[in-house]
Number of protein chains: 2
Amino acid sequence: MEEAEIAAYENEVPVGAVLLIGDRVYRGHNRVIRDHDPTAHAEVVVIREAAKEVGNYRLTGSRLYVTLEPCIMCVGAIVQARIGRLVYGARDPRYGAIESMLKFCDLHINHKLDICSGSMEERSSALLKDFFQARR
Amino acid sequence: MEEAEIAAYENEVPVGAVLLIGDRVYRGHNRVIRDHDPTAHAEVVVIREAAKEVGNYRLTGSRLYVTLEPCIMCVGAIVQARIGRLVYGARDPRYGAIESMLKFCDLHINHKLDICSGSMEERSSALLKDFFQARR
């Protein structure tokens, strides 16, 4: 949530993510506009940073926490990185690729991902709602 | 195809991509292992580079050529970048998210993408097949 708030402060869509690998913690937030990088969603930002530091493109057994249901790009990145557990907050009815626009279980992806949703859902949704209302 | 061949030479899964924005040409290939970056598929590599150079996370009207059908991560990146036209070579029956594992038209994505497949399909397939056979 703190990372999502930083994103909002930077006028980015407020989504934040934390990746845990053993006792190492990687934090990040959406940086699409700032970095001129359409792929720089919070999930991709932390995955990329962690993989670089660990020196391995596989982050097997790591746990990813994100304030919003991941889109298809991020679900793909999660699978590519072999992340073991995903916890997210708010649902994304339009772009979410876990239980909304797409259902992860329908994807026939050969990777076992533990999924838990609804964590701090209200705070995350409120932050996103306020952000988009203020922009309108 | 040349970029895919460079990837093979570097022991990366041989996929290459070219992105055209007006008269500017961006070339790239799969760099997942080399960069310790699970998101560094050829498509993401050229999208990221082009967006950074153009100074805009939207690459509206650009054209992406890739030797293999994009996976869900790359399809998501293509949509995020608002790429206008996608031309790809070989189908990817396992991970392809245009006509194989997923059908792009079933995704209900609010972005119009012109799609053309089968360009240099045989050369691209042969390169991938040889690469995986040699590794076994």
Side-chain angles (χ1 to χ4, degrees), chain A residues 11-13 19 28 30-60 62 64 70-83 92-98 100-104 106-111, chain B residues 11-13 19 28 30-60 62 64 70-83 92-98 100-104 106-111:
Chain A
N11 280 314
E12 300 273 2
V13 175
L19 184 71
N30 190 13
R31 309 170 54 97
V32 168
I33 300 167
R34 209 179 170 196
D35 287 357
H36 305 307
D37 182 352
T39 71
H41 284 186
E43 301 91 317
V44 169
V45 168
V46 287
I47 287 171
R48 208 177 286 162
E49 191 200 328
K52 199 143 284 179
E53 216 185 281
V54 169
N56 193 337
Y57 69 100
R58 296 281 196 233
L59 303 172
T60 310
S62 63
L64 178 66
C71 72
I72 59 165
M73 177 181 74
C74 293
V75 167
I78 287 164
V79 171
Q80 293 296 331
R82 302 292 188 271
I83 285 172
D92 185 346
R94 278 189 71 185
Y95 301 109
I98 297 293
S100 301
M101 185 196 79
L102 272 181
K103 311 237 177 286
F104 183 77
D106 290 344
L107 289 177
H108 307 293
I109 283 175
N110 190 19
H111 168 62
Chain B
N11 280 313
E12 301 273 0
V13 176
L19 184 70
N30 190 13
R31 310 171 54 98
V32 167
I33 300 166
R34 210 181 169 193
D35 286 357
H36 305 305
D37 183 352
T39 71
H41 285 186
E43 301 91 317
V44 169
V45 168
V46 287
I47 288 172
R48 207 177 286 163
E49 191 199 328
K52 199 142 283 178
E53 215 184 280
V54 169
N56 192 337
Y57 69 99
R58 297 279 196 232
L59 303 173
T60 311
S62 63
L64 179 65
C71 72
I72 58 164
M73 177 180 73
C74 293
V75 167
I78 288 164
V79 170
Q80 292 297 330
R82 302 289 187 272
I83 285 171
D92 185 347
R94 277 189 72 184
Y95 301 111
I98 297 292
S100 302
M101 186 195 78
L102 272 180
K103 311 236 177 286
F104 183 77
D106 290 344
L107 289 178
H108 307 295
I109 283 175
N110 189 20
H111 167 62

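Protein chains get the first letters and strands the later ones, always in sequence-line order, with residue 1 at the start of each.
Qualifying salt bridge (Lys or Arg N to Asp or Glu O under 4.0 Å) partners for Arg31(A), counting only residues two or more places apart in sequence or in other chains: Asp35(A).
Distance check, rounded to the nearest 0.5 Å: NE2 of His36(A) to CG of Leu59(B) gives 11.5 Å.
Contact annotation: the side chain of Leu102(A) approaches that of Leu102(B) to within less than 4.5 Å [non-hydrogen atoms, C-beta and beyond].
Between Ile47(B) and Pro38(A) the shortest heavy-atom distance is CG2-CG, 3.5 Å.
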Passes side-chain contact (heavy atoms from CB on, under 4.5 Å), Arg94(B) versus Asn110(A)? Steps please. CA-CA 10 Å; Arg94(B) 277 189 72 184; Asn110(A) 190 19; 4.0 Å; yes

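Proximity to chain B (any heavy atom under 4.5 Å) is restricted, for Ile109(A), to the side chain, taken from C-beta onward. Of the atoms belonging to Ile33(B), heavy atoms from both backbone and side chain fall under 4.5 Å from chain A.
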N/O donor to acceptor pairs below 3.5 angstrom from side-chain atoms of residues 48-56 of chain B, sequence neighbours left out:
from: Arg48(B); atom 1: NE; to: Thr39(A); atom 2: OG1; distance (Å): 3.3
from: Arg48(B); atom 1: NH1; to: Asp37(B); atom 2: OD2; distance (Å): 3.3
from: Arg48(B); atom 1: NH2; to: Thr39(B); atom 2: OG1; distance (Å): 3.0
from: Asn56(B); atom 1: OD1; to: Arg58(B); atom 2: N; distance (Å): 2.9

